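This report concerns only the one structure given below.
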2 protein chains.
Amino acid sequence: MPSTTDAEPGREPRSGPRGRARRGLPEGSGLSSSGGRRAPSVTGRVFSILEAFDGDHRALSLTEIARAADLPVSTAHRLVGELAAWGALERGADGAYRVGLRLWEVGSLAPRSVGLRERAMPILEDLYEAVRQNVQLAVRDGHEVVYVERLAHPDAVRLFSRVGGRWPLHPTAVGQVLLAHAPAAVQESVLAERLPSFTPRTVTDPVALRRILAAVRRDGVAVCDGMIDLAALSVAAPVRGEDDSVIAALSVVVPSPSDGGSGGGGIEPRTLVPAVRAAARGISRALGAPTAARSDAVTRRGGTRP
Amino acid sequence: MPSTTDAEPGREPRSGPRGRARRGLPEGSGLSSSGGRRAPSVTGRVFSILEAFDGDHRALSLTEIARAADLPVSTAHRLVGELAAWGALERGADGAYRVGLRLWEVGSLAPRSVGLRERAMPILEDLYEAVRQNVQLAVRDGHEVVYVERLAHPDAVRLFSRVGGRWPLHPTAVGQVLLAHAPAAVQESVLAERLPSFTPRTVTDPVALRRILAAVRRDGVAVCDGMIDLAALSVAAPVRGEDDSVIAALSVVVPSPSDGGSGGGGIEPRTLVPAVRAAARGISRALGAPTAARSDAVTRRGGTRP
DNA sequence: TCCTTCGCTTCCGGTGAACGGAAGTCAGCC
DNA sequence: GGCTGACTTCCGTTCACCGGAAGCGAAGGA
């Protein structure tokens, strides 16, 4: 039994705040030179070096890497040297290390991001042209959404998310779509967590969330108003794969009408629903989803090509 | 002296055909159980596993990985297990391994690809809207171009390149631009190689190529007609960074007018030059390039937004 | 049904790759 | 000139890694 894929243990919730050692939690405060556990494989150390980089830390010195990865400098030096020799890291003229092109190349073979992206792109383009706002494509990984693609108009609402970035599932429209169609075990496990709140409008109550998820399944769209940022409202719809399961979600983010300030010339969110739904079906069809193919005539955009 | 970045040793030219062992070359043929050299670090083995994946091999079984990476199955099994546990690889329901989302995430922190891409995207979009053909953004790595982004219209010429893919410098317009502005050492070293030919029109003669590079520097554009694919013509211009050095190249690919067949309703390539040049300057400006900023008024695209 | 094949997984003893403290080097700064 | 902080090199010890071999289980053929 090849197994593994489905049950998914939720992949350790994205290690704590950076800089904090990644050992256990046993405070103790002591240097713990003997007690502390550690995943002591070379591979593990390499990973912890890679994890030292994130959206806010794209360039790190050797010492910073060593500190973030909780490794002795000399060890970090050796490993970083190997990583840089292969091209996983690159060293700038300033001596700082950055993620290298080679690593990006391999990463760009990931079917769940780039593979998906390639097929979705033309349709995302069209949707973007139509709304001239933020258009996002995301997948679920464990208990989080990972943004795979994003087209952003310079004048559109500024978002907190980022291509390659992660967010919790419950306060984002894409997350709600993905959660609503996730295996029951995942849903329960998310609902059992204490969910973080970002604005007064963030829904964190399990009962309320459960109701929302049911609505999302019923309507085929999720609408999130000001749950992460009071100024933004997003509308998302599910993207289905060959086996008709939901593998991604598509969203448009516009200024929130309920946000007093900026939203002035905003679009009425209701009008976005058909466009988002149609685009999501379009992508599903491009991926070979059975149900999307059925209503072909209806969903087809623009004129037929001669 | 932090060094390293510039001299660039050309990074071992993308290991041979896959499946071929990666040991030295000493044919010998023998099992070489004792003689054979090998880069025997764990990190190196991990890399050779990652290298087993490429555009034509996005899903591999354990045995295939072991064969491609030239590792004993049991060793591959252990390492692949660690990679999968972290998320660098993912195992599908079919038991095959694919590149994982986590690796893609880290890769998407690479400043030379995604960082560049993020700033270039809006301008690429506009150019794409204008020409409705293939628009590409690429950087140089050693003696190759690496394609960082690509917008392709469904009806445009089908290209051989791929986001995340590599090609030699000399037969591509982006490559010629990047080579023309590369450090002298790199240029000489490329010109000294025996350059592969792809079509009858591929320029491989060092003298001719040198002339082309000079023209590219003079004109600020490269035009490549049918050097990789007789049906395609591409026009490229340089993108400059903060220090005014060329860090990327932008191109538009259209059907070749000299190609008898399809090119029918093609665009006259000459007309593309200003658009490509303007877009490249636009990106340079967005990146903070000094020369691009200067002629701001001239390069500014479209009307000012109210 | 039994046998073979093939791919994956597990086990385990020997060993050399990796570890990391310590010392050396180099800038920048007081 | 001495100090600080970051990076690099050295080297003896040790334990993580290696990989052959055996065990499994599914698929296919007789």
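Everything quoted here is computed from the prediction, not taken from an experiment. All chains are named by letter (A, B, ...) in the order of the sequence lines, taking the proteins before the strands, and each is independently numbered beginning at 1.
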### Query
Considering only heavy atoms from C-beta outward, does the side chain of A:V163 approach that of A:E149 to under 4.5 Å?
yes

### Query
Over how many whole Å does the gap from B:L60 atom CG to C:dG7 atom P extend?
14 Å

### Side-chain H-bond candidate by donor/acceptor type, A:H143 with A:S189, under 3.5 Å
yes

### Task
Considering only NZ, NE, NH1 and NH2 on the basic side and carboxylate oxygens on the acidic side, decide whether B:E105 and A:R166 come within less than 4.0 Å.
yes

Under 3.5 Å, N/O pairs linking protein and nucleotides 13-18 of chain D:
unit_1 : atom_1 : unit_2 : atom_2 : d
D:dC17 : OP1    : A:V42  : N      : 2.7
D:dC18 : OP1    : B:R45  : NE     : 3.2
D:dC18 : OP2    : B:R78  : NH1    : 2.1
D:dC18 : OP2    : B:R78  : NH2    : 3.0

### Message
What's the separation between atom CG in B:L101 and atom CG in B:L89, rounded to the nearest 0.5 Å?
### Response
12.5 Å

### Message
Nearest to the A:L62 side chain among C:dT10, C:dT9, D:dT8, which nucleotide is it?
### Response
D:dT8

### Any A:R67 side-chain nitrogen or oxygen under 4.0 Å from OP1 or OP2 of D:dA6
no

### Query
With a 4.5 Å heavy-atom cut-off, do A:R58 and A:V99 have their side chains touching?
no

### Message
Distance check needed: C:dA18 P versus A:H77 NE2, whole Å only.
### Response
15 Å

### hbond_proxy B:S74 side chain to D:dG20 base (donor-acceptor, 3.5 Å cutoff)
yes

### Message
For A:W86, does the six-membered ring have the charged nitrogen or CZ of A:R102 within the cation-pi criterion, i.e. under 6.0 angstrom from the centroid and within 45° of the normal?
### Response
yes

### Message
Measure CG/B:L71 against P/C:dT9 and give the value in whole Å, please.
### Response
16 Å

